[in-house]
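Not measured: the values here are computed from a predicted model. Labels below follow one simple rule: chain letters A, B, ... track the order of the sequence lines, proteins then strands, and each chain is numbered from 1.
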Amino acid sequence: MKKILLASTALVATAGVASAQDLGVALSGSAEMGIFDNGNDNSQFFTDLDVTFTMTGETDNGLSFGATIDLDEAADRGEPGRFESPDVQGGENMFVSYGGATLTMGDTDGAMDAVMPEMALAGGSLADDETAHGGFDDQDGHILLGTDSGLSFDGAGDGQIARFDYSYSAFTFSVSAEQLNNGDGIDYLGVDSGDSVYGLGVSYAGDFSGVAVEAGLGWQTISDFADTYGIAATAGLASGVSFGATYSKTNLEDDVVTVAGLSDDSIDHYGLGLGYEMNQFEIGVNYGKYESDDYEVSGYGLAASYDFGGGLEMQAGYGNTEADDDLFDDDGFDTYSIGLSMSF
Amino acid sequence: MKKILLASTALVATAGVASAQDLGVALSGSAEMGIFDNGNDNSQFFTDLDVTFTMTGETDNGLSFGATIDLDEAADRGEPGRFESPDVQGGENMFVSYGGATLTMGDTDGAMDAVMPEMALAGGSLADDETAHGGFDDQDGHILLGTDSGLSFDGAGDGQIARFDYSYSAFTFSVSAEQLNNGDGIDYLGVDSGDSVYGLGVSYAGDFSGVAVEAGLGWQTISDFADTYGIAATAGLASGVSFGATYSKTNLEDDVVTVAGLSDDSIDHYGLGLGYEMNQFEIGVNYGKYESDDYEVSGYGLAASYDFGGGLEMQAGYGNTEADDDLFDDDGFDTYSIGLSMSF
Amino acid sequence: MKKILLASTALVATAGVASAQDLGVALSGSAEMGIFDNGNDNSQFFTDLDVTFTMTGETDNGLSFGATIDLDEAADRGEPGRFESPDVQGGENMFVSYGGATLTMGDTDGAMDAVMPEMALAGGSLADDETAHGGFDDQDGHILLGTDSGLSFDGAGDGQIARFDYSYSAFTFSVSAEQLNNGDGIDYLGVDSGDSVYGLGVSYAGDFSGVAVEAGLGWQTISDFADTYGIAATAGLASGVSFGATYSKTNLEDDVVTVAGLSDDSIDHYGLGLGYEMNQFEIGVNYGKYESDDYEVSGYGLAASYDFGGGLEMQAGYGNTEADDDLFDDDGFDTYSIGLSMSF
């Protein structure tokens, strides 16, 4: 459900668009053209396009509010027009903000996803190969539930999340909730798992003698099923080099372990990222691994980009996934994409 | 089919947007966030969003023309992309206007719906609880056909309506037609019902010594099935108090009564509304009842809103439906919603 | 698949919009209202509307780039949200251009369609009756594959075309490719047909002593199935009269003829067009015929329009299709439409 749960990077970009526009409805767009291999060993044409509607308002006494949806989320090939129904999330999100306090609902990150920096630090690619490999953690879902990569439980319900953020100095504190079954309880794997995902997190963004540091600590839980905590940090040097590391761990309830026939009551993820930016050129590489006694998958990703200016980039990406421990074994699969990325 | 048939209030809002914009395509938007209970006794998150495309043009000699569609009508969860087909209506409407004469086609009201004021006079709510209860008449459909609340037959075909309005002084005269089966005849309940819905109406909007009066008289028919007439009026005082009443009656053809196994050849609806506006605060309450020897359903609705300015409102709504005569019986169901409504 | 494959005329219009706007995302729109008969002998209401998103960018060193999608292509009644998937084409296209060289991908014409002028020379209609009759060739597909009218093989795969154009003086040279099965081979009618459609073309647009001449010569092939060449030219006189002729021929591989049980290994199409423009008035007529020993279909189309200015036109169209050789026989079917066309 990557397309449903808005990544933190996208939120930043959206905020940028909004502030640069007058109040009302603003349009921005993107398009990509090139070739790619989605893992089936065929190289094929790649064409993609999207339009984003960004709505911004302000009350007389200084409350700001806004909402966003993308055209591809509105049309939604998987479940067309899902955003039309107020009881589920179909790509729409909206917020109200006053001072350092912001309440966001809909297609937004849970607290853990919101605070933890990701490991794709530079470059980008048409097919997001560098973040789509099996070892990546975007904190957008949970591998055990099959909702997306990550260990955060976001999207365990209908993806309709409410998150409250409070910024104080360089810190942002976040609390989030997602209903698993529109207010009713739900069974996962036959275990009565409660009715909500809850999350807590704190993030830091600051500067230590010229080194830009971002760090986050998050926790999410489905109370009768499992909980996860995670910690991640990145550092960006003035030389253009950036690096980071991430670690998260899910602890499963005993019931879940028994019913699912697992031998291990925990799942670990760790990841590393490295990026380099020089003038118009960017390159990033990341590695990650999910690990339990029952399950192991790792992968690495590469992304490079060259910026022509005015919104046009040449991009190339590569992702490699291994289902066992041997990184360069032939058992896994890999994907690549190369072409032009446009933003308008 | 409430979402398909544009309510009169929405038409007014759209006109406002258009006149405030240059010719071409203008965007406006709305979003809502909060919680609601849709009648299943669970409180759940509510997130909704929409974008409206309003197109406006003018010829050299003073003909004006325009068209509108909403993003949620274009995506359309029920029947995706329906607006793409010119033989049915999927949320699109367009008009051409000269002097007091206007021809509108597509997602527009039939003559009866166009002329009769509704009883939700003040306030509003995220889930439209105040107009979604079983006793409300929005003149958008017919309860016997199950197309929507009301007794007007709008939407008995594909919702593709043509309406001609002529304004003269404080009066507007309206004539409308909707094909039931794209030019072919149709059977309802086994009765050969003809091929069209026709409608006639006249409305009045004026001022009597400081009291703003709106009134409408309408008639619609499916010639071999049934006809309905309706009358409604509202008055708005300078004190902020407004009130209104509505009455409509469907007379069924004898064939229909026999085939449907009914004992009564008529269905009545009456309704009352009361509103109060004071500075940023609005509250409205309405009551309505459908009645025949075979069928009885009533309900009441409440809506309250507080306007923060700039397009942001706090809104709360409640609706209660009773399927028998006892208004405060436990047999019925109720809905509520509360949260923030944004317009951009 | 006419709606998927952008006709050359639409490309021209889009370019006009883009150049009149600032860089970024621009909106234009259209709407149509009237009545039509789609060939079933019922006259019914016609309502249609569309919004086009045109995105335009420019790098610092003079590369221009852009992308387009229509709202009805995004929603797409046939396959909702198809544009969201980068491996297929769902109405989106994008280009990058430098000097006389342009690379376009997605919802664009193959080389043959791009270079050959069509025979609907003046006027227009709500339901495109003048181009939808069975004898018309819009070079958008292939009648043997049933993808659309024409003999070009465009859309034989997923409609995701890559075309490179190079303009030199009054000439434009075009090369195109479309994958038939996302990089894999495909069987048509049981014949292993290869993996791609390839196309070549050259067009000319110039002026001979006041006569505006457009001409094109194109060739497309599915290497192990068939190939087609086509030639077409139109001339526009200063008096407002224009005329043109088109001819194309498909040669089928012997295997295909055998397997499909055909007796003729070729299919011919020829067509003629005539147009007249005088002040606000335009009228066009065209005739075309597909012919082989196994198959014969012909048709003619009429379109007339009156321009009120400001984007409003009255339009009427008529199309007549005959499945045998006798043009005025009663065996065929005809369609008409009449009403108002609006552009915003």
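Contact of A/Glu58 with chain B is made through the backbone alone, with heavy-atom distances under 4.5 Å. Both the backbone and the side chain of A/Phe83 come within less than 4.5 Å of a heavy atom in chain B. Contact annotation for A/Leu103: both backbone and side-chain heavy atoms come within less than 4.5 Å of a heavy atom of chain B.
A donor-acceptor contact under 3.5 angstrom links the side chains of B/Asp70 and B/Thr52, judged on distance only. A donor-acceptor contact under 3.5 angstrom links the side chains of A/Ser167 and A/Thr172, judged on distance only.
In this structure, B/Asp37 has no salt bridge (Lys or Arg N to Asp or Glu O under 4.0 Å) partners at least two apart in sequence or on a different chain. In this view, B/Thr47 and A/Glu92, A/Gln160 satisfy the side chain to side chain donor-acceptor pair (under 3.5 Å) rule, not counting sequence neighbours.
Scanning residues 336-344 of chain B against chain A with a 4.5 Å heavy-atom cutoff picks out B/Leu340, B/Met342, B/Ser343, B/Phe344, ordered by number.
Heavy-atom pairs under 4.5 Å with chain B peak, among A/Ala177, A/Pro86, A/Gly81, at A/Pro86. Contact count against chain B (heavy-atom pairs under 4.5 Å) is highest for A/Asp87 among A/Asp60, A/Val88, A/Asp87. Of the residues considered (B/Asn40, B/Asn38, B/Asp50, B/Val51), B/Val51 shows the highest number of contacts with chain A, using heavy-atom pairs under 4.5 Å. For the set B/Asp48, B/Asp41, B/Ile35, the entry with the most heavy-atom pairs within less than 4.5 Å of chain A is B/Asp48.
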Pairs under 3.5 angstrom only: tabulate donor-acceptor contacts from the side chains of residues 279-286 of chain B to other protein residues two or more places apart or in another chain.
unit_1   : atom_1 : unit_2   : atom_2 : d
B/Glu282 : OE1    : B/Gly123 : N      : 2.8
B/Asn286 : OD1    : B/His133 : NE2    : 2.7
B/Asn286 : ND2    : B/Glu130 : O      : 2.9

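With B/Tyr318 as the partner, the side chain to side chain donor-acceptor pair (under 3.5 Å) test is satisfied by one option alone out of B/Thr335, B/Asp334, B/Asp129: B/Asp334.
Ion pairing of B/Glu73 with B/Arg82 is absent here, as no side-chain N (NZ or NE/NH1/NH2) approaches a carboxylate O to less than 4.0 Å.
Here the closest heavy-atom approach between residue A/Thr228 and residue A/Met112 is recorded as CG2-CE, 3.5 Å.
Under a 3.5 Å cut-off, the side chain of A/Gln179 and the backbone N or O of A/Asn181 do not form any donor-acceptor pair.
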